[in-house]
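Written below as structure tokens is the structure these notes are about.
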Amino acid sequence: MLDIITTQWHPLLNGLWNTILCSLIALVGSLVIGTFFALLEISKYRIVRLIGSIYVEVFRNIPLLVIAMGFFLIVPMYIAKISGFAAGTIGLTLYTSAFIAETVRAGINSVEGGQLEGALANGLTHAQAMRYIILPQAFRVVIPPLGNQFINLVKNSSVLAFVAGFDLMYEGNLIANDTLQTMPTYFIVGILYLIITLPLSYYMRYLEKKLA
Amino acid sequence: MSMIEFHDVQKYYGKFHALKDINLTIDAGETVVLIGPSGSGKSSLIRTVNGLDPIRDGKLIVNGFDLADKKTNVNLIRKDVGMVFQHFNLYNNKNVLENIMLAPRIVLKRPEKENRDLAMKLLEKVGLADKANNMPAQLSGGQKQRIAIARSLAMKPKCLLFDEPTSALDPEMIDDVLNVMKDIAENSNMTMLVVTHEMGFARDVADRVIFMADGRIIEDDSTEKFFGDQPTTQRARDFMSKISGH
Amino acid sequence: MSMIEFHDVQKYYGKFHALKDINLTIDAGETVVLIGPSGSGKSSLIRTVNGLDPIRDGKLIVNGFDLADKKTNVNLIRKDVGMVFQHFNLYNNKNVLENIMLAPRIVLKRPEKENRDLAMKLLEKVGLADKANNMPAQLSGGQKQRIAIARSLAMKPKCLLFDEPTSALDPEMIDDVLNVMKDIAENSNMTMLVVTHEMGFARDVADRVIFMADGRIIEDDSTEKFFGDQPTTQRARDFMSKISGH
Amino acid sequence: SSVAKKDVLKADQESNRITWGVKADTRLFGLENIRTGKLEGFEIDLAKAMTKEILGPKGKATFVPVTSSTRVPLLKNGNIDAIMATMTITPEREKQVDFTKSYFDAVQSLLVKKGSPVKNIQDLNKAGEVILGVSGSNSVKNVAKYAPKAKVLQLSDYAQAMTALKSKQGNALTTDNGILYGMASENPGYEVVGGNFTKEPYGIAVNKNQEPFRNKLNWALERLEKNGTYNRLLLKWFGNVKGFNYQEMKR
Amino acid sequence: MQNFINAYSWINIRFLLQGLWVTIEISVASIICSFIIGTFLGIIRYAKIKYLSAIVGFIIDLIRNLPLLLIIFFTYFGLPNIGIKPEIIPAAIMALTVFESSMVAEIVRSGINSIDYGQTEGALANGLTKWQALRLIVLPQAIKNMLPALVSQFISLVKDTSLATIIVLPELMYHAQIIYGQNTNYIIPMFVALAVLYFIVCYSLSLLARYLDRHLA
Ligand SMILES: Nc1ncnc2c1ncn2[C@@H]1O[C@H](COP(=O)(O)OP(=O)(O)OP(=O)(O)O)[C@@H](O)[C@H]1O
Ligand SMILES: Nc1ncnc2c1ncn2[C@@H]1O[C@H](COP(=O)(O)OP(=O)(O)OP(=O)(O)O)[C@@H](O)[C@H]1O
Ligand SMILES: [Mg+2]
Ligand SMILES: [Mg+2]
């Protein structure tokens, strides 16, 4: 196992870096897009709500691999050239955003109705009430479930392995195939994932306690 | 000049007829107390006044705006009509000062310095100047309610609505809140519509007492008449005897 | 024979000293009312009696069992000591009848028929026989509280604890609940310890009134003394004047 | 462990059965026939023939589908006795498993779009060129030697790699020419170029310390080469592949 | 277009549906197992039992934070090292159960915490033991609150079964790969079919959840 680390540290580090990069981009992207669709889902207008829920249901109910493959194989045929890393990251962003939309929507619903009424009666418009009062409180409530989504996101970034995105899992597969030391290689890959996800999950737990 | 006018107002929740044939005029500067058993429609009535709940039918004119008209911008009404809730509804994510300053800043675009000065003055008025930087969760119920009143006053409204402002409070906190309300009623020419079971307050402060039951206004008396003689209807007399002492 | 005995009881929440040097004896069959300002420790005291909250120090003997002793099975005490909460705490997933029948069936293994008959009798006693199959969410606050009382009575306890049973209720519901409580106090030899702000109830029903402040028992008077003369301490007199009328 | 101590040949002779790890998703070598559910291909037929050779006419060959990532752990855990799954013999791999002599000398070529400026592997040795391959195959390692400046993208299977080529995710697809010719016949717009720039000897992998078993496999392979069975199977599977020169591969 | 027509021959569709059936079987088995085990573990975490809760919590955290792919791998190839040699299907169910149980445990723990503590106090004061209060009063209410999160998790589970292609589990994704192994032109039609089939299964699951949500008292 040590010899894998000594001889393969370069691709492993490269994979780790790409996994982190993809996760960060998808994290920000899915948070923005997810919040947007959460707001659509609670709109006054039925047609807007419908658009929101179609988006969420489609991306939530199709495997991430299929979405990423779609971007990698089909988009370049008709639309634009796209690298495996980009295809995987976009796929991951859209996929995760559907889950985040659900989470944020639940968070908004969990802010008690009095907060909205208080703001409206105080003269704020609906949009202002959302922006200054409801969303800030909703985000506080959704931090724990969002944390879980982010951990899932990091793990799901392994979809890059299927679209040649040079992430940790991709490099791990190659090393396992070259050296045939399959179990030790995946063991190391597992530990590298834990190095990202475990601190994240303990930080989330800490935040959850602090905000409770 | 009238501040609030109901003309044959009907309100429904789905199929449930919550307000029936409401006719009521409240003049500018009047203090009106609204009483009645639970579920009689007091909250429903008061919430239609600033457009928190829509009406189905009839005409409702508040501060010159017609609420039944879809083209009316309800925010224009809410600027001038404040509301105080049973459960305070302070913004949990803002401290006391921010609770008071937020709406004037955003809605009225009041300059920051003037906004802060007024907020501090109102905090003093409600006796809580030392709590300016506390979060709502750090306050007792009575303190929260006084902050909520200050928050409404900061908009310099012409009219204030109160929906059972003291019924979620511990008994020894109630007087602090009622005293603030009395002060407003006596020392400003605010129009006030107050749902409450505090009969002492009604007797001392109200110009008129309105009694509701089953979605209807059953009595609309001057305070002297309501407490001096007796309510006209049996319903109101029964109700008064039931709540006396609590 | 004494039902509840506190000997130098101390209770802490973390570092906060919530009950200080409590000494108190309540005899079987007595009705005791406990009053005091918010945060004075009334709930803390009453919750130690059936072991919902642990004590740090001292001796607390309830129905012959020593609660300070770790070997005491607290469930044996709870069988005989019922409790009624401010917010009712009815089982939201069970209908009214099931709320009442659950504990006797599981804890006392009371035969089903006998259980149901007693439950129906109690429902009649609290005036809600027609609500047997309702879910708690379909009841008003006053109805919920009467069901909660019936639920406690179904265990045939020797002692009942009440923690502000009427303070979450609409005023016109309060009498229904108080009347049920009066009936129990007068027509059974239940021991009752009641935290309440309803002075009329205290005056009519209580044998003794206890006043707490800052975690201490400050006054422990007979009802005649407390209401007839005046409370001894200034603290209690101030408190009484503040809450009178609410 | 117990797996390492076991004498596989003896055990197989006792049970009259050899368990092979084979491909189930690779045309010509090992592919599941979805009508019958049976595996078919050159490696399957060769494995059956070798089983009969070693165990006699009643000997049974059992097949376990494997992927590039699972074949070695399955071997080490004793789920399978031998791997015959387009596995190239490399010195790196010989540290972990033992190989028989080569049973198929694949040669590596390139597949490109017709009219592509790429004519051979040297044309790809430029920054910005992208070569597609299948992850776990040795061919991608080879191109890294011949065209170190090109970028290599490795995908999970041939169909994905072929589609990526069509999506212009790369300029050329590399692997063994038998597979490339097969794909060229399905996709008329594409052609095999670059000659046969390197050899890819496939070997049967067995666990370390199984000398008797490995020797027996080599022995059986030689017998099949001598009695013409090998050439017959070659003709059966590669005779019709357009552009594939099976004559050169005859033994 | 011709590719789509050829790819969707009856024999290929039937083969896909066979894979779908395996996906459903594996999913149902894993959902049942992980629901039972996850609830049990969630209760242990909630109950704050000395040492045990902390140990269980640590193991849950470890598993939750690993990619499922690796867990499948370790189950299938790691267990034989300690003398357990599962077949592919049991191995897949085991790996999914281990992973999903740890996710379910977290959902259960926070579901229980979401129930007003007054419900527990009411039951305790009424003479019930802690365990009776949990089982009869708190859990039934918590399950209703947990339903949306549980269903999301089970939808993920259905999709996650596709990761078991790595150990050649003959489920939907793997069958699609076999089909496009015959002809590389079938790959896009197969991915479209995968999207549709997974969508149908997963969306039905959310509809079922919505139905339950409305009809659970
Ligand atoms: N959002 C709603 N949807 C359906 N019915 C409602 C809604 N709000 C109120 N109601 C019903 O309308 C009736 C009047 O309610 P309202 O809250 O106005 O009474 P209230 O007099 O304020 O009572 P309380 O003293 O309990 O506050 C009640 O029967 C109530 O159940
Ligand atoms: N779980 C807890 N943790 C920490 N402090 C607590 C806890 N429960 C009560 N306290 C504190 O102990 C003191 C006594 O509380 P308690 O609830 O007994 O008062 P009370 O007399 O019942 O008041 P109220 O009339 O508001 O119900 C208060 O200062 C309160 O903040
Ligand atoms: Mg109301
Ligand atoms: Mg209390």
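By convention in this document, chain letters (A, B, ...) are assigned in the order of the sequence lines, proteins followed by strands, and residues within each chain are numbered from 1.
The environment of Y202(A) atom OH is dense: over 12 non-hydrogen atoms of other residues, nucleotides or ligands sit within 6.0 angstrom.
With a 4.5 Å cut-off on non-hydrogen atoms, F85(B) touches chain A through its side chain but not through its backbone. Neither the backbone nor the side chain of V84(B) comes within contact range of chain A; no heavy atoms are under 4.5 Å apart. If you measure heavy-atom distances from Q128(A) to chain B, the contacts under 4.5 Å come from the side chain alone. Contact of L76(B) with chain A is not made at all, since no heavy-atom distance falls under 4.5 Å.
A side chain to side chain contact (heavy atoms under 4.5 Å, CB included) with L16(A) is found for exactly one of I195(A), I196(A), D167(A), V189(A), namely I196(A).
Judged purely by atom type and a 3.5 angstrom limit, S152(B) has no side-chain atom pairing as donor or acceptor with the backbone of G82(B). Not one N or O on the side chain of R60(A) forms a donor-acceptor pair closer than 3.5 Å with the backbone of E102(A). Between the side chain of S53(A) and the backbone N or O of L50(A), at least one donor-acceptor pair lies under 3.5 Å.
Contacts between residues 35-66 of chain B and chain A, counted as heavy-atom pairs separated by less than 4.5 Å, involve R47(B), N50(B), L52(B).
When only modelled atom types and interatomic distance are considered, N187(B) and D183(B) share a side-chain donor-acceptor pair under 3.5 Å. Checked by atom type, the side-chain pair N18(A)/Y170(A) shows no donor-acceptor distance below 3.5 Å.
For the pair R105(B) and Y132(A), the cation-pi criterion (under 6.0 Å, within 45° of the ring axis) is not fulfilled.
Ranked by non-hydrogen atom pairs under 4.5 Å with chain B, the options L116(A), L124(A), N122(A) are led by N122(A).
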